[in-house]
Enquirer: 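Below is one structure. I have some questions about it.
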Protein chains: 2
Amino acid sequence: MRPQKVDDKTLIEGLMTVLRSKGFDGASINDMAEATGLKKASLYHRFPGGKKEIAEAVLKYVSDWNNKNIAQVLQSEEGTPKSRLDKGLLSIKNLYNNGDSICILRALTMENSADLFGVQIEQGFELWIESFTKLGVDFGFSKAKARKVAMEVIIKIQGSLVVSKGMKNQSPFQQAIKSIKETYTY
Amino acid sequence: MRPQKVDDKTLIEGLMTVLRSKGFDGASINDMAEATGLKKASLYHRFPGGKKEIAEAVLKYVSDWNNKNIAQVLQSEEGTPKSRLDKGLLSIKNLYNNGDSICILRALTMENSADLFGVQIEQGFELWIESFTKLGVDFGFSKAKARKVAMEVIIKIQGSLVVSKGMKNQSPFQQAIKSIKETYTY
DNA sequence: GTCTATAATATGATAGAC
DNA sequence: GTCTATCATATTATAGAC
């Protein structure tokens with residue numbers, strides 16, 4: 001065996017970048033090879049199932065990231081609810097490059113990819129909603145109010161990302177993050 | 001010349017359905033042929049520029065639709081602001097099949113399509129924002145407040161569509177429409 | 001204007017050398 | 001584990017009959 005040219009994490013992150021900027025149909029194996037520095041056949045060696053397996057691995061990585069940087073941060077026992085909110089929102093800002101990137105769940109929510117990865121996409125959204133709901137409860141909201149606010153938060157993040165990308169202007173996203181802080185602290 | 005098999009409007013609407021459910025890269029000319037009942041070569045006859053020209057024609061159709069059903073309705077001289085809001089929101093509900101469909105501007109906001117149709121997409125969002133801003137002014141808001149509310153409305157619509165599609169549940173979209181009415185009437 | 005047939009290219013995927 | 005070479009298929013696009 002030759003030495004591994006690209007480590008797993010770097011590889012997955014490169015693949016994720018391609019998938020979320022081009023979508024499942026728009027991202028060719030060649031695109032992925034160029035982005036990661038591996039050749040097509042090497043990608044097939046590491047993901048024998050081809051493009052579908054690649055997307056599944058990326059979604060698994062995203063799920064792990066969400067658990068670590070959203071769920072665990074927002075629901076941690078340490079720190080005040082406010083400090084956890086700030087930390088979570090900072091992770092989100094970085095995740096979306098301050099409004100310049102698309103959410104990969106959104107990028108994969110087209111007919112073809114939604115058919116293939118519907119469950120993973122659904123669970124991704126669920127995790128965010130549950131995490132923000134629990135945070136709202138810690139802020140003193142009733143369960144019902146907390147869930148309502150959580151939905152509004154997720155919707156605001158997703159919507160502002162769509163608008164920011166469509167209008168080539170990051171401020172809708174940045175404003176949305178600000179207003180989410182106010183939602184919880186006033 | 002043989003008789004025209006499909007009229008322009010029916011054709012464009014069929015093409016629009018394919019484009020917004022599969023995206024620019026995901027929609028093949030064959031998909032479009034099947035959806036419209038024409039053969040590939042016939043599509044090339046009517047759109048010599050191929051897929052790009054098809055998408056441009058669809059975006060032109062969308063722009064006209066927006067002018068007629070959003071801009072003109074919201075900014076009409078007739079009726080109360082509230083009645084115009086209700087009429088516009090009803091058009092929006094129908095446009096997105098009550099939360100079951102994706103916004104075509106969103107579907108075409110991927111790297112490839114955004115590069116090709118960036119200006120049209122940008123103008124599409126602009127039109128919505130301007131229209132809702134003017135409506136807000138008619139409701140008695142200051143210009144600044146009206147624009148802020150308009151941005152929140154667009155973001156809420158786009159975000160709720162993403163979440164509804166991702167979670168296979170139309171209620172986020174339906175709730176969003178309700179809450180938009182409240183935004184203007186309380 | 002629509003169709004069948006076909007060309008040219010891109011893409012997903014595999015075989016086999018190193 | 002990575003690579004070059006290759007294949008089969010899908011896709012964009014065109015030619016020419018009706």
Enquirer: If I take atom CE in residue A/M32 and atom P in nucleotide C/dG12, what distance separates them, rounded to the nearest angstrom?
Expert: 8 Å
Enquirer: Less than 4.0 angstrom between a side-chain N/O of A/Y44 and OP1 or OP2 of C/dT14, yes or no?
Expert: no
Enquirer: For B/K82, is the NZ atom crowded, meaning more than 12 foreign heavy atoms sit under 6.0 Å from it?
Expert: yes
Enquirer: Using whole Å, what does the distance between atom P of nucleotide D/dC3 and atom CD of A/Q4 come to?
Expert: 12 Å
Enquirer: Between D/dC3, C/dG12, C/dC3, which one does the side chain of A/K5 approach most closely?
Expert: D/dC3
Enquirer: Rounded to the nearest 0.5 Å, how far does CD1 of B/I29 lie from CG of B/L15?
Expert: 9.0 Å
Enquirer: Which is more 5' along DNA chain C, the nucleotide nearest A/A41 or the one nearest A/S28? Just name the residue.
Expert: A/S28
Enquirer: When the distance from CG of A/L11 to P of D/dT2 is rounded to whole Å, what number comes out?
Expert: 8 Å
Enquirer: Please determine whether a side-chain nitrogen or oxygen atom of B/S42 lies at a distance below 4.0 Å from atom OP1 or OP2 of C/dC3.
Expert: yes
Enquirer: Looking across every strand, which nucleic acid part, if any, lies under 4.0 Å from B/K40 by heavy atom: base, sugar-phosphate, or nothing?
Expert: base
Enquirer: Ignoring the backbone of A/I29, work out which of D/dT12, C/dG12, C/dG1 is nearest its side chain.
Expert: C/dG12
Enquirer: Is the count of non-hydrogen atoms from other residues, nucleotides or ligands lying under 6.0 Å from B/K168 atom NZ greater than 12?
Expert: yes
Enquirer: To the nearest 0.5 Å, what is the distance between OG1 (A/T133) and CH2 (A/W128)?
Expert: 13.0 Å
Enquirer: How long is the line joining CG of B/L43 and P of C/dT2, in whole Å?
Expert: 9 Å
Enquirer: Once you round it to whole Å, what is the distance between P of C/dT11 and CD1 of A/I54?
Expert: 14 Å
Enquirer: State the CG-CG distance between A/L19 and A/D31, to the nearest 0.5 angstrom.
Expert: 10.0 Å
Enquirer: Return the nearest nucleotide to the side chain of A/H45; candidates are C/dT2, D/dG1, D/dT12.
Expert: D/dG1
Enquirer: Without decimals, in angstroms, what is the distance between B/E34 CD and D/dT11 P?
Expert: 10 Å
Enquirer: In whole angstrom, what separates B/D7's CG from C/dT2's C1'?
Expert: 16 Å
Enquirer: Pick the closest DNA chain D nucleotide for A/P3 and for B/P48 by heavy atoms, then say which residue is nearer the 5' end.
Expert: A/P3
Enquirer: Once you round it to whole Å, what is the distance between P of D/dA10 and CG of A/N112?
Expert: 14 Å
Enquirer: Within less than 4.0 Å of OP1 or OP2 of D/dC3, is there a side-chain N or O belonging to A/K39?
Expert: no
